[in-house]
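Throughout, numbering of the chain's residues begins at 1 and tracks the sequence. Model, not experiment: these values are computed from the prediction.
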Amino acid sequence: MFDTSQTDPVRDARHLRLDTLVRLRWLAVAGQGAAVAGAHLGLGLPLPFGWCFLVVAASSWLNLTLRIRYPASHRLSDDAAVLLLAFDIIQLAALLFLTGGLQNPFALLFLAPVLISATALPPAHTLALGLLAVGLSTMLALVYRPLPWFAGETLELPFLYVSGVWTAILLGTAFTGVYAWRVAEEARQLARALAATELVLAREQHLSQLDGLAAAAAHELGTPLATITVVAKELDRQLGPSANPSVAEDLALLRDQVERCRGILAKLTSLDADQGGFIETITLSHLVEELVAPQRALGIILDVTTKGEGPEPACRRNPGVMFGLGNIVDNAIDFAESCVSIEARWSADRVTLEIRDDGPGFAPEVLLRVGEPYVSTRSAAAAGTDGGTGLGLGLFIAKTLIERSGAQLSLTNAVDPSTGAVVRIGWTRHIFEREVKGLRNPGAGGAAPLTQAPGVPI
C-alpha cells in the first residue's frame with residue numbers, strides 16, 4: 001500500500017505527506033477522546049464507553065504503526081492516501097453509530113476527510129470518498145444506537161430533523177469538495193507556472209555563464225598560444241631558405257592557424273571586455289530594435305516610434321525582461337491583421353513602452369483575470385484556425401518577468417474607431433536606469449544617464 005520505490009521528486013511533491021495525516025489523526029483522536037470522556041465521566045451520560053474507547057484506540061494504533069514503520073518525510077501515493085482517509089470516515093461512522101447516529105451534532109465531521117482529499121488528491125478519489133461518507137451517513141440515519149441522554153429522560157429527534165442533517169452532510173460534502181479542489185487546483189497551476197518561469201530564467205542564466213566561461217577560456221589560452229607563436233617564428237628564422245619545402249609549408253600553415261586562433265580568442269576576450277558597455281548596456285531604442293528585428297520578415301508591418309525629452313535612457317540588459325517583452329511582441333504579431341505599432345517614449349522621470357496591434361483584442365475574461373496563470377491570451381474565436389489558444393502561460397510569465405524589474409504593465413483594448421489590443425509597460429526613469437552608474441549613454445552623445453541610483457538591473 002505504501003510504495004517507497006517512488007523517486008520522482010516532481011511527482012512526489014504533489015502527494016500528501018504521511019506526517020500530515022498522522023498529525024491530523026492525532027488531533028482527531030484527542031478530540032474524540034475528550035468528547036467521549038467528557039460525556040461519560042463529566043456529564044454522566046450512559047454511552048458504551050468501552051466500545052467507544054476501542055474505536056478511538058483503533059486510530060491511535062494505526063497512527064503508532066505508521067509512525068514506527070515510515071519516516072515523517074514519507075509521501076503517500078494517491079491510493080494509500082485514499083485508504084487512510086477512508087479509514088477515518090469508517091472510524092467516525094462507527095463512533096457515531098455508538099452515540100446516536102446523525103442525531104449526534106459531531107456528524108458534520110464527515111466533511112473533514114473529503115476536504116483533505118479535495119485539496120491534494122485527484123477528483124475521482126475525492127468523489128469516491130464523498131460517496132463513502134454520504135453512504136455511511138445514510139446508514140446512520142436509519143440504523144444507530146440511541147443518543148445518550150440523562151438517566152430517566154429520552155431524547156429522540158424527529159426524522160425530519162435527521163433528514164435535514166443528512167441533507168446538510170450531502171450538500172456540505174459536494175460544496176466544500178468542489179470549492180477546496182478549485183482553490184487547490186489554482187495553487188497548483190500557479191506553482192507550475194512559476195516553475196516554468198524559473199526554467200526559462202535558468203536557461204538564460206546558463207547561456208550567460210557560458211559567455212563568461214568562453215571569455216575565461218580565451219584569457220587562459222592566450223599564454224600557451226603566444227608561446228606557440230614564438231616557437232613557430234623561431235623555427236622559421238633558424239631554418240630559413242634552406243628548409244625542406246614540405247617543412248616550410250607546414251610552418252606557414254602553423255603560423256596561419258596560430259593567427260586564426262589568436263583572432264578567435266581576441267573576439268571572445270572583447271566580449272568580456274565590453275561588458276558594462278555594448279553587451280550589458282542597451283538604450284531604449286536599441287532595446288526596441290532588438291525586439292522587432294527577428295519579426296520583420298513575417299509579413300506584418302512593424303511601425304516603431306521612439307521619442308522623448310532629453311537624453312535617451314539606457315538600462316542594463318536583462319534576459320528575463322527581454323524574454324517577457326519579446327513574448328508580448330510575438331503575441332501581438334500572432335493576432336494582428338496587418339500592423340503592429342511599438343511606441344517608446346521617455347521623459348525626465350518616466351519611460352514607457354506601448355505595443356498595439358490591429359487584431360480582435362483581448363477577450364473579456366483575460367482583462368478580468370490578467371496576471372493569473374493558465375488564462376489563454378485571446379478568445380477561441382480570435383485564435384483563428386490554429387486549432388487552439390494555448391495554455392495561457394505566456395502572458396503570465398511575461399507579466400511576472402517584466403514587473404519583477406519594477407515596471408507596471410496594463411492590458412486594454414483599443415476603442416473605436418481603432419481595434420486591437422494595447423499593452424503598456426511603464427518604468428520610473430530612475431528604476432529603468434539603475435545599475436548604469438558610471439557609464440555613458442551611447443545614444444545621447446556622451447551625456448550620462450539622468451540618475452545613478454544603485455539597485456538590481458532590470
Side-chain angles (χ1 to χ4, degrees), residues 277-298 300-336 338-359 361-362 394-395 397-414 418 420-436 439-453 455-458:
F278 175 76
I279 296 301
E280 286 296 322
T281 304
I282 185 170
T283 62
L284 181 60
S285 59
H286 288 156
L287 183 149
V288 174
E289 181 59 31
E290 186 169 326
L291 292 175
V292 302
Q295 313 290 350
R296 293 192 183 278
L298 298 181
I300 297 294
I301 300 175
L302 294 173
D303 182 14
V304 179
T305 305
T306 56
K307 56 184 176 181
E309 306 171 1
E312 183 179 356
C315 66
R316 289 286 298 274
R317 180 187 299 272
N318 184 301
V321 174
M322 297 299 295
F323 178 87
L325 294 175
N327 187 287
I328 293 176
V329 173
D330 290 342
N331 189 70
I333 291 176
D334 288 341
F335 290 95
S338 60
C339 178
V340 172
S341 62
I342 301 175
E343 183 176 10
R345 294 172 175 251
W346 66 88
S347 62
D349 56 359
R350 190 149 186 88
V351 177
T352 59
L353 189 63
E354 181 177 290
I355 302 170
R356 180 191 299 262
D357 64 66
D358 59 352
F362 290 110
L395 177 61
I397 294 176
K399 186 174 186 294
T400 301
L401 294 177
I402 293 173
E403 290 185 344
R404 183 180 291 181
S405 71
Q408 294 179 340
L409 185 145
S410 65
L411 276 65
T412 59
N413 285 329
S418 301
V422 180
V423 180
R424 295 185 179 90
I425 304 105
W427 295 266
T428 56
R429 181 151 180 163
H430 77 276
I431 292 293
F432 186 83
E433 291 186 319
R434 59 187 175 184
E435 283 278 327
V436 194
L439 300 176
R440 291 291 181 182
N441 189 339
L450 293 184
T451 59
Q452 305 287 337
V456 180
I458 74 161

Between [atom1] on residue [X] and [atom2] on residue [Y], distance to nearest 0.5 Å:
X	Y	atom1	atom2	value
Lys399	Gln408	NZ	CD	10.0 Å
Phe335	Asp330	CZ	CG	11.5 Å
Lys307	Ser347	NZ	OG	13.0 Å
Ile328	Leu291	CD1	CG	9.5 Å
Phe432	Arg316	CZ	CZ	13.0 Å
Arg317	Thr281	CZ	OG1	9.0 Å

Take Leu302 and Ile333 through the side-chain contact (heavy atoms from CB on, under 4.5 Å) test and state the conclusion after the steps. CA-CA 9 Å; Leu302 294 173; Ile333 291 176; 4.1 Å; yes
Do [X] and [Y] have side chains that get closer than 4.5 Å, going by heavy atoms?
X	Y	answer
Leu284	Thr306	no
Leu325	Leu287	yes
Arg350	Thr428	yes
Glu433	Val351	no
Ile355	Val329	yes
Met322	Leu401	no

Nearest atoms (heavy-atom pairs only) where [X] meets [Y]:
X	Y	answer
Val423	Phe362	CG2-CZ, 3.9 Å
Pro313	Trp346	CD-CG, 3.4 Å
Ala398	Gly324	CB-O, 3.5 Å
Asp303	Cys339	CB-SG, 4.4 Å
Ile300	Ala336	CD1-O, 4.2 Å

Partners passing salt bridge (Lys or Arg N to Asp or Glu O under 4.0 Å) against Arg356 (at least two apart in sequence or in another chain): Glu354
Verdict with reasoning, Ile282 to Cys315, per side-chain contact (heavy atoms from CB on, under 4.5 Å): CA-CA 6 Å; Ile282 185 170; Cys315 66; 3.7 Å; yes
Is it the case that atom CZ in Arg345 sees more than 12 heavy atoms from other parts of the structure closer than 6.0 Å? no
Given the rule in the side-chain contact (heavy atoms from CB on, under 4.5 Å) test, do Ser338 and Asp358 qualify, once you have shown the distances and angles that lead to the verdict? CA-CA 7 Å; Ser338 60; Asp358 59 352; 2.9 Å; yes
